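For reference, the structure discussed in these notes is given below.
Note that the coordinates shown come from a computational prediction; the quantities given were computed from them, not determined experimentally. Remember, it's 1-based here, ligands and their atoms both numbered in the order they're listed.
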Amino acid sequence: MDSVEKAKKLIEELKENNHLKLRRSFGVGLYLFNLLKNRLSNSHLELLKKFDSMPFPKKVAILQEIEQALNKEELVPTVSFDGYPKKPIEKFFIPIESLKILDPKEKKLLKSLNIKDLYSALWYVPVRYEDRRLNTSIKTSIPGKAVALKVKVVESSWEPDAKYPISVLCEDGTSYLSLKYRFKDKRALLSFKKGTELIVYGKLMEYKGEKYMVHPELLKEEEAGKVLPFYNIRVKSAESMSAKLRHRKVRQAIQKLLEYLRYMPEYLPEELLKKHNLYRLPESLYFLHAPHQWDERLNTWDTPAHHRLIYEDLLLFQLALQLKRREIKSLRAPRLLRAEEHIQEFLRSLPFGLTQAQLRVLKEILEDVKQETPMNRLLQGDVGSGKTVVAMAISYAFAKEGYQSAIMVPTEILAYQHYENFKRFLEPLGVKVGLLTSSVKTAQRRSLLRHIREGNIQVVVGTHALIQEGVSFKSLGFAVVDEQHRFGVLQRKRLLEKSEEFFPHLLVMSATPIPRTLALSLYGDLDISIIDQMPAGRKPVITRLFFESEMEKVLKFIKEELQKGHKAYVIYPVIEDSPKLELKSAVKEFERWKALFPDRKVLLLHGRLKDEEKKRVMEEFKQDGDILVSTTVVEVGVDVPDATVMVIESAHRFGLSQLHQLRGRVGRSQLQSFCFLVVPDQMRYDQESLKRLKVLVQTNDGFKIAEEDLKMRGPGELLGESQSGYFGFWVANLQRERDRHFLEVCKKDAQELLEKDPYLERYPELRQVLFYRYSEGIIAPP
Ligand code: ADP
Ligand code: MG
């Protein structure tokens with residue numbers, strides 16, 4: 001009998017006869033503690049520790065709580081692979097290709113899911129589950145839930161004009177159930193001959209006492225009677241295989257690989273497993289791929305098996321982060337000798353004085369670049385707070401002492417804008433600025449690369465092109481990565497490797513205000529500087545919420561602003577109409593705006609335009625454009641000072657932080673600017689969404705908005721859509737509060753582990769997994 005079963009049985013006995021046995025027993029707490037020490041949470045174990053010295057009524061209450069916990073926590077892996085000879089973990093890094101157990105089609109399928117080896121296949125855990133056990137009857141099933149039922153056809157009928165032409169009446173001995181199908185073709189009836197036995201799976205509905213299912217799935221014997229896992233199958237529309245078949249094939253392939261789990265070693269330190277009551281890896285993986293039991297928590301990734309994987313995911317991340325930080329600290333960077341002097345010179349050349357916040361941050365950075373240890377700093381500040389000027393000042397100081405700077409930004413438009421900006425401020429001071437993007441071609445490119453290599457160009461602004469082969473610097477001393485969320489880990493690393501003699505100082509700039517605690521855990525290897533003040537004279541953008549029926553007011557307002565020679569942005573959530581989403585689209589609405597403003601220059605910008613084209617549109621808008629209809633491509637860093645109106649249609653489709661970023665496109669000068677959030681009229685009653693949007697109306701403080709966003713929707717959006725990809729998580733998802741909690745826990749655990757054992761010598765297999773997961777190295781999360 002398994003220990004949980006034993007404990008439950010004991011508790012049953014203790015309860016009998018009004019707790020007769022409990023009154024007479026000693027040491028029950030200790031016994032239960034030992035029995036359950038790997039099965040209960042710490043808080044419950046604490047209760048058991050104190051149990052024996054408690055008064056009787058307390059004991060009864062605790063037992064009751066433990067019993068409830070056991071009923072909840074019994075979702076434990078019940079298989080045990082103890083006693084099998086374990087293989088070294090590296091044997092699990094064997095490529096899919098070499099797995100004899102799989103046939104060629106299965107290999108191809110797994111590879112199409114980016115699964116490269118046995119280890120990652122085993123970690124490819126299902127994204128959701130369906131309960132297809134046959135443990136209920138029609139009579140006892142509760143309407144509103146999906147159930148699997150074994151039934152027999154009583155009769156079927158066909159009425160071509162009905163909403164559901166095919167209707168099949170079934171029974172299972174306890175009651176009747178009808179199945180309704182939308183099929184028009186009478187031949188579909190062939191599957192429902194009288195007396196046929198079916199296993200149906202679908203949401204059970206009830207209308208006037210009649211139970212029915214609409215389009216239930218007909219299950220094959222093999223798919224019924226169990227909890228069925230569903231994997232992320234990433235179907236592309238061009239796929240020949242149906243989703244259903246693909247699900248089945250992936251499932252089958254992965255089930256085959258479960259064979260190997262019994263030989264898989266546990267490589268996390270025993271003390272950590274104990275400390276957090278974590279299950280072992282092979283057992284956890286087995287449970288997730290082949291759960292023997294149904295529980296809602298499977299679908300919220302909240303079973304102990306999930307916890308085990310999430311913990312490991314985040315622990316590895318923290319270990320990698322902290323090891324990398326240590327490595328950077330051991331490298332040498334060029335140190336600036338007369339930095340203050342140069343900075344003063346640069347500041348004197350500016351048409352404005354820096355804000356207190358800018359000066360403070362500048363000083364923090366200066367302290368870093370005077371050292372031989374490479375700087376590794378995150379500069380956060382709201383859009384328009386003046387981060388770029390700070391980076392400029394520093395790159396000027398580097399140029400004066402003979403070092404080059406590289407500024408890497410995510411898009412061509414931004415690269416071009418930054419280039420213009422840097423040139424405007426730096427070239428009068430004798431600093432040569434270059435622009436390197438992939439649209440710089442052949443001859444021009446060759447000469448540019450030569451100048452960079454020979455050090456004639458001191459500041460290079462560019463896109464990904466900066467980190468490609470063939471780009472080498474004479475003496476790169478300072479690297480700036482702007483809007484880091486768009487860059488992957490590797491790209492930052494490559495930029496830093498562009499310097500041969502030494503390691504450059506790194507400044508990562510971000511306008512995404514990540515709440516500090518989260519930032520500290522995610523960017524544990526970066527020091528953080530924050531510009532929390534706007535340049536003087538900046539008027540906060542006035543934000544208003546409108547329903548579509550009030551659009552007239554917005555239009556009237558835009559007309560007035562255009563009259564003053566100002567410009568307006570209008571943002572849509574999608575490029576083109578799609579029948580599925582009932583959203584207004586940029587392409588379609590562009591026509592409407594042109595018609596509404598026939599004597600104005602209305603331009604269209606979206607992500608599907610070629611880079612050249614985007615650049616041209618932006619230039620034109622900046623020069624003599626009036627209205628720019630666009631998608632979120634204008635989100636990052638775009639700078640058109642005389643744009644004073646930002647209209648965001650279908651505003652409810654955006655996250656708060658994203659809206660805030662968009663709003664940052666206006667209010668970039670002394671002019672009063674406005675942001676109008678427009679939502680459909682039917683949202684009048686959607687208090688939740690309106691409340692969310694009103695946060696923007698009330699505040700301009702990016703950090704406050706980020707906190708609010710975090711509270712309401714988790715940090716997924718703050719961190720960019722593919723945050724997990726960026727940070728290298730496999731199962732962790734910081735949208736879940738528990739995972740964020742684990743992130744903190746793991747940070748401490750990693751610290752303690754490395755303090756005792758800086759090279760993880762006591763845990764060679766853990767180290768192997770760490771290198772396996774982070775072999776490309778992480779300088780930091782992006
Ligand atoms: P960020 O990069 O943080 O979005 P920028 O550095 O691009 O902000 O600054 C936005 C605009 O404000 C630029 O046109 C810049 O020249 C100007 N600016 C920056 N700092 C100041 C300041 N202290 N006073 C006035 N204008 C400033
Ligand atoms: Mg900027």
Heavy-atom nearest neighbour of atom 6 (O) of ligand 1 within options Ile531, Leu379, Thr388, Leu359: Thr388

Aromatic ring pairing Phe398/His505, orientation class (parallel under 30°, perpendicular over 60°, tilted between): tilted

Lys/Arg cation over aromatic Phe546: Lys553, 6.0 Å, 45° cone: no

Proximity of Met509 to ligand 1 by residue part, where a heavy atom lies under 4.0 Å: neither

Heavy-atom neighbours of Arg600 CZ exceed 12 at 6.0 Å: yes

Ligand-residue contact atoms, ligand 1 with Thr355, heavy atoms, under 4.0 Å: 23 (N)

Where at least one partner belongs to residues 341-380, residue pairs that pass ring pair (Phe, Tyr, Trp, His ring centres under 6.0 Å), sequence neighbours excluded: Phe346-Tyr396

Parallel, tilted or perpendicular: rings of Tyr774 and Phe317 (30°, 60°): tilted

Heavy atom of Asp382, distance to ligand 1 below 4.0 Å: yes

Proximity to ligand 1 by part of Arg538, non-hydrogen separation under 4.0 Å: side chain

Qualifying residue, where the test is side-chain hydrogen bond (donor to acceptor under 3.5 Å, both in side chains) with Asn456 and the options are Lys432, His451, Gln404, Lys474: His451

Contact check: Gly384 vs ligand 1, nitrogen or oxygen atoms, below 3.5 angstrom: yes

Test applied, side-chain contact (heavy atoms from CB on, under 4.5 Å); reference residue, Thr355; option that passes from Gln533, Met534, Arg538: Gln533

Leu354: numbered ligand 1 atoms lying under 4.0 Å from its heavy atoms: 23 (N)

Min heavy-atom dist Ser385 to ligand 1 below 4.0 Å: yes

For ligand 1, the portion of Val390 having any non-hydrogen atom under 4.0 Å away: neither

Ala536 heavy atom under 4.0 Å from ligand 1: no

Ring geometry between Tyr416 and Tyr419 (parallel below 30°, tilted from 30 to 60°, perpendicular above 60°): tilted

Contact check: Gly353 vs ligand 1, nitrogen or oxygen atoms, below 3.5 angstrom: yes

